Amino acid sequence: MTFKGKMDKWWYVVIGVLNGITLGTTIYAGIAKAYPTLIILLIVDLYFIPPIFKNEVILDKKMITIHFGLLKKTVPVQEIVAVRRMKSYSASFAASFQRVGIESRRQTTVFLSVQDNKEFINELLKLNKKIKYYV
């Protein structure tokens, strides 16, 4: 089952502000002087722009596969010990502050954000009944 990732408006605002500042700097200083800024913006945009087009969580019987732009992460369903709904500001595979934290035995906690957190958690609990769910 595929769940579409959630993107808050602040994600688009950050992209616009960063690109606007860089464009303004480039116009004001000229391309030659703004070259380092353009390189940094390119690197930042490689993280921020691809999730607009590829932001999903695929849940099957054995694995959760998280696609977040150019990043990809898999978590075995049977390794999951706890799921939490949370508002976290940490770096993660999420473009929204309404996140789900997935704790597994072997890996650290993975944060993700889908449009329907409740349905995602219900499907996950059906696949592994040993998961502890914290609201």
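Because the structure is a prediction, the values reported are computed rather than measured. By convention here, the first residue in the shown sequence is residue 1.
A donor-acceptor contact shorter than 3.5 Å links the side chain of D8 to the backbone of F97. With hydrogens and angles ignored, the 3.5 Å screen pairs a side-chain donor or acceptor of S113 with a backbone N or O of Q98.
At a threshold of 4.5 Å between non-hydrogen side-chain atoms, the residues I52 and Y12 count as touching. Within the 4.5 Å cutoff, the side chain of D116 has no heavy atoms near those of the F120 side chain. Using a 4.5 Å heavy-atom cutoff, the side chains of V77 and L59 are in contact. In this structure, R85 and Y133 have side chains that are in contact, with non-hydrogen atoms separated by less than 4.5 Å.
With values rounded to the nearest 0.5 angstrom, N19 atom CG is found 10.0 Å from L42 atom CG. Once rounded to the nearest 0.5 Å, the distance linking CD of E79 with CE of M63 reads 9.0 Å. Atom CD1 of I58 and atom OG1 of T74 lie 11.5 Å apart (nearest 0.5 Å).
Both V14 and L41 are part of a single hydrophobic cluster, where members link through side-chain heavy atoms under 4.5 Å apart. Both F53 and V44 belong to a common hydrophobic cluster when Ile, Leu, Val, Met, Phe, Trp and Tyr are linked at side-chain heavy-atom distances under 4.5 angstrom. A continuous path of ILVMFWY side-chain contacts below 4.5 Å connects W10 to F93, so both sit in one hydrophobic cluster. By the rule that hydrophobic residues join a cluster once side-chain heavy atoms approach within less than 4.5 Å of another member, L23 and Y35 end up as members of separate clusters. Both L71 and I49 belong to a common hydrophobic cluster when Ile, Leu, Val, Met, Phe, Trp and Tyr are linked at side-chain heavy-atom distances under 4.5 angstrom.
Screening L38, V17, I40 for a side-chain contact (heavy atoms from CB on, under 4.5 Å) involving T22 leaves a single residue, L38. Here the options are I102, L125, V110, the test is side-chain contact (heavy atoms from CB on, under 4.5 Å), and the partner is I80; only I102 passes.
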side-chain contact (heavy atoms from CB on, under 4.5 Å) between E119 and N122, intermediate numbers included: CA-CA 5 Å; E119 183 183 348; N122 288 339; 5.6 Å; no

E103 and K132: CA distance, side-chain angles, deciding distance, salt bridge (charged side-chain N to carboxylate O under 4.0 Å, His left out) verdict: CA-CA 10 Å; E103 298 175 21; K132 295 178 184 174; over 6 Å; no

Verdict with reasoning, L112 to F3, per side-chain contact (heavy atoms from CB on, under 4.5 Å): CA-CA 11 Å; L112 57 96; F3 296 90; over 6 Å; no

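Closest approach of H67 and T65 over heavy atoms only: NE2-CG2, 3.5 Å. Of all heavy-atom pairs between Q78 and R105, the closest is O-NH2, 3.3 Å. Nearest heavy atom pair, residue Y134 against residue A82, reads CE1-CB, 3.8 Å. Of all non-hydrogen atoms in P51 and M7, the two that sit nearest each other are O-SD, 3.6 Å.
In this pair, W11 and F68 present their aromatic rings perpendicular. The plane angle is above 60°, beyond the 30 to 60° band.
Residues meeting the salt bridge (charged side-chain N to carboxylate O under 4.0 Å, His left out) test with K54, sequence neighbours left out: E56.
The environment of OH in Y47 is crowded: more than 12 heavy-atom neighbours from other residues, nucleotides or ligands sit within 6.0 Å.
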